[in-house]
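We name chains A, B, ... by the order of the sequence lines, and we start the count at 1 in each one. Here the structure is a predicted model, which means the values were calculated and not measured.
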Amino acid sequence: MTDTTTHTARADAASLHSPVIDWFDEHARDLPWRRPDAGAWGVMVSEFMLQQTPVSRVLPVYEQWMARWPRPADLAAEAPGEAVRAWGRLGYPRRALRLHGAAQAIAERHGGDVPSDHGQLLSLPGIGEYTAAAVASFAYGQRHAVLDTNVRRVFARAATGVQYPPTATTAAERKLARALLPDDERTAARWAAASMELGALVCTARNEDCSRCPIAGQCAWRLAGKPAHEGAARRGQTYAGTDRQVRGRLLAVLREALTPVPQSALDAVWHEPVQRARALDGLVADGLVEPLDDGTYRLPG
DNA sequence: AATGCGTGGTA
DNA sequence: TTACCAAGCAT
């Protein structure tokens with residue numbers, strides 16, 4: 001990249017920061033994990049719950065969770081099955097197990113405080129590239145490229161000029177995100193939250209509203225006439241009939257049960273015995289279900 | 001790198 | 001109704 005190109009890219013980046021951050025100051029949602037009293041643990045819990053799950057469904061579970069386990073050590077002292085039970089119907093219940101494991105690691109290795117170091121966060125179960133950056137940025141005000149699905153979509157449109165980002169995060173996206181990151185730490189943290197909120201509220205996957213976008217005038221995708229996504233549809237995977245559905249039904253029975261349940265209660269949720277057994281074995285292997293010596297099953301103790 | 005992993009709302 | 005989408009992670 002030439003000096004001229006570099007300079008131009010940096011100038012373009014800087015022209016995005018103020019409009020997006022100013023928009024955020026006015027339009028940011030008042031979410032509980034953004035309150036000053038949420039703390040790093042509140043931020044971390046919210047990030048686990050928000051992985052692939054909409055805000056509206058997270059809100060009530062988050063409130064109950066934080067009331068019951070206000071510090072990592074409180075959760076760490078519980079049986080992992082209680083975390084799975086409290087997770088309710090948020091989906092992907094392995095997240096509950098990983099959050100419990102992360103709380104234990106924090107209690108044992110970090111004196112009960114959510115670490116602020118990005119590498120230490122990354123080493124905790126359930127925390128990957130996005131969540132480590134998000135906790136470090138939102139909870140501790142650090143300067144990190146926070147690349148979630150919202151930010152990736154905003155950058156794809158505004159900077160790259162395409163409707164959707166690639167399926168998996170690419171090196172080019174990370175490079176772009178770093179290039180767009182404000183130099184100042186405090187501003188960078190604000191930018192991370194603001195660009196994410198813009199993607200969540202305005203620059204949405206479907207029915208984006210460019211009339212409310214603070215950077216519509218600089219958006220490469222819009223200026224190009226909003227060309228449609230090129231390439232194959234990126235989804236697939238119908239849910240009905242999959243092992244996931246069977247696992248969900250099995251776990252639902254165990255969440256509701258206050259005492260260990262007999263095999264017959266689990267057999268009732270699915271007619272096909274081979275798939276049913278495979279799903280149950282998978283849950284046991286994942287540590288989400290514990291088989292007892294008398295042939296009954298329960299959430300892990 | 002591709003796949004598996006829940007659940008419910010929306011168009 | 002089907003298909004897509006929702007602050008990803010682990011293997």
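Rounded to an integer number of Å, the gap from A:Leu147 CG to C:dA7 P is 14 Å. Spacing between atom CZ of A:Arg29 and atom P of C:dA6 amounts to 12 Å, rounded to whole angstrom units. Following rounding to the nearest Å, A:Leu50 (CG) and C:dG8 (P) show an atom-to-atom distance of 8 Å. A:Met49 places its CE atom 16 Å from the P atom of C:dC9, with the value rounded to the nearest Å. Put simply, OH on A:Tyr164 is 12 Å from C1' on C:dA3, counting in whole angstrom units. The separation between A:Glu208 atom CD and B:dA11 atom C1' is 14 Å, rounded to whole Å. In this structure, CG of A:Leu97 is placed 12 Å from P of C:dT11, rounded to the nearest angstrom. The CZ atom of A:Arg174 sits 13 Å away from the C1' atom of C:dG8 (whole-angstrom rounding).
Both A:Arg206 and A:Thr149 lie near DNA chain C, and the one whose nearest nucleotide falls closer to the 5' end is A:Arg206. Mapped onto DNA chain B by nearest heavy atom, A:Asn207 and A:Tyr92 fall at different nucleotides, with A:Tyr92 at the one closer to the 5' end. The nearest heavy atom of DNA chain C to A:Arg98 and to A:Leu31 marks one nucleotide each, and the one closer to the 5' end goes with A:Leu31.
The A:Arg244 side chain lies nearest to B:dG6 when the options are B:dG6, C:dA3, C:dG8. With B:dG9, C:dA7, B:dG6 as the candidates, the nucleotide lying closest to the side chain of A:Pro93 is B:dG6. Listed candidates were C:dC5, C:dA7, C:dA6. Nearest to the side chain of A:Arg153 is C:dA6.
Contacts with DNA chain B (heavy atom under 4.0 Å) in residues 248-263 of chain A: A:Gly248, A:Arg255, listed by number. A heavy atom closer than 4.0 Å to some atom of DNA chain B occurs in A:Arg89, these being the qualifying members of residues 79-89 of chain A. At a non-hydrogen distance threshold of 4.0 Å, A:Pro125, A:Gly126, A:Ile127, A:Gly128, A:Glu129, A:Tyr130, A:Thr131 from residues 125-141 of chain A come into contact with DNA chain C. Within residues 272-290 of chain A, no residue places a heavy atom under 4.0 Å from DNA chain B.
The gap from the P atom of C:dT11 to that of B:dG6 amounts to 14 Å, rounded to the nearest Å. The P atoms of C:dA7 and B:dT3 are separated by 23 Å, rounded to the nearest whole Å.
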*Could you walk me through whether A:Tyr130 and A:Gln51 pass the side chain to side chain donor-acceptor pair (under 3.5 Å) test, one step at a time?*
CA-CA 10 Å; A:Tyr130 161 74; A:Gln51 290 168 5; over 6 Å; no
_Assess the residue pair A:Phe24 and A:Val20 against the criterion (side chain to side chain contact (heavy atoms under 4.5 Å, CB included)); give the C-alpha distance rounded to whole Å, side-chain angles, the decisive distance to 0.1 Å, and a yes or no._
CA-CA 6 Å; A:Phe24 184 64; A:Val20 173; 5.6 Å; no
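The closest side-chain heavy-atom distance from A:Glu82 to A:Arg68 is below 4.5 Å. Using a 4.5 Å cut-off on side-chain heavy atoms (C-beta onward), A:Glu129 and A:Arg174 make contact. At a threshold of 4.5 Å between non-hydrogen side-chain atoms, the residues A:Val202 and A:Glu197 do not count as touching.
When heavy atoms are screened at a 4.0 angstrom cut-off, A:Thr53 is found touching base atoms of the nucleic acid. Heavy atoms of A:Arg34 sit under 4.0 angstrom from at least one base atom.
Here A:Arg247 pairs with A:Asp286 under the salt bridge (Lys or Arg N to Asp or Glu O under 4.0 Å) rule; sequence neighbours left out.
Heavy-atom minimum distance, A:Gly101 versus A:Pro125: C-CG, 3.7 Å.
A donor-acceptor contact closer than 3.5 angstrom links the side chains of A:Arg244 and A:Tyr92. For A:Trp270 and A:Gln275, the side-chain atoms include at least one donor-acceptor pair closer than 3.5 Å. A side-chain N or O of A:Ser15 and one of A:Gln218 form a donor-acceptor pair less than 3.5 Å apart. Side chain to side chain, A:Gln263 and A:Tyr297 meet the donor-acceptor criterion of an N or O pair below 3.5 Å. In the model, A:Thr53 has a side-chain atom that pairs as donor or acceptor with a side-chain atom of A:Arg95 under 3.5 Å.
Residue A:Arg247 places at least one side-chain N or O under 4.0 Å from the OP1 or OP2 atom of B:dG6. Taking 4.0 angstrom as the limit, A:Gln52 places a side-chain polar atom (N or O) nearer than this to OP1 or OP2 of C:dG8. A:Arg95 has no side-chain polar atom (N or O) that falls below the 4.0 Å cut-off from OP1 or OP2 of C:dA6.
Between A:His17 and A:Trp191, the ring planes are perpendicular. Angles over 60° get that label, and only those under 30° would be called parallel.
Among residues at least two apart or in separate chains, ring-ring contact (aromatic ring centres under 6.0 Å, His included) pairs with a member in residues 35-67 of chain A are A:Trp33-A:Tyr62, A:Trp65-A:Trp69, A:Trp65-A:Trp87.
In the hydrophobic cluster analysis, where Ile, Leu, Val, Met, Phe, Trp and Tyr join through side-chain heavy atoms closer than 4.5 angstrom, A:Leu99 is grouped together with A:Leu59.
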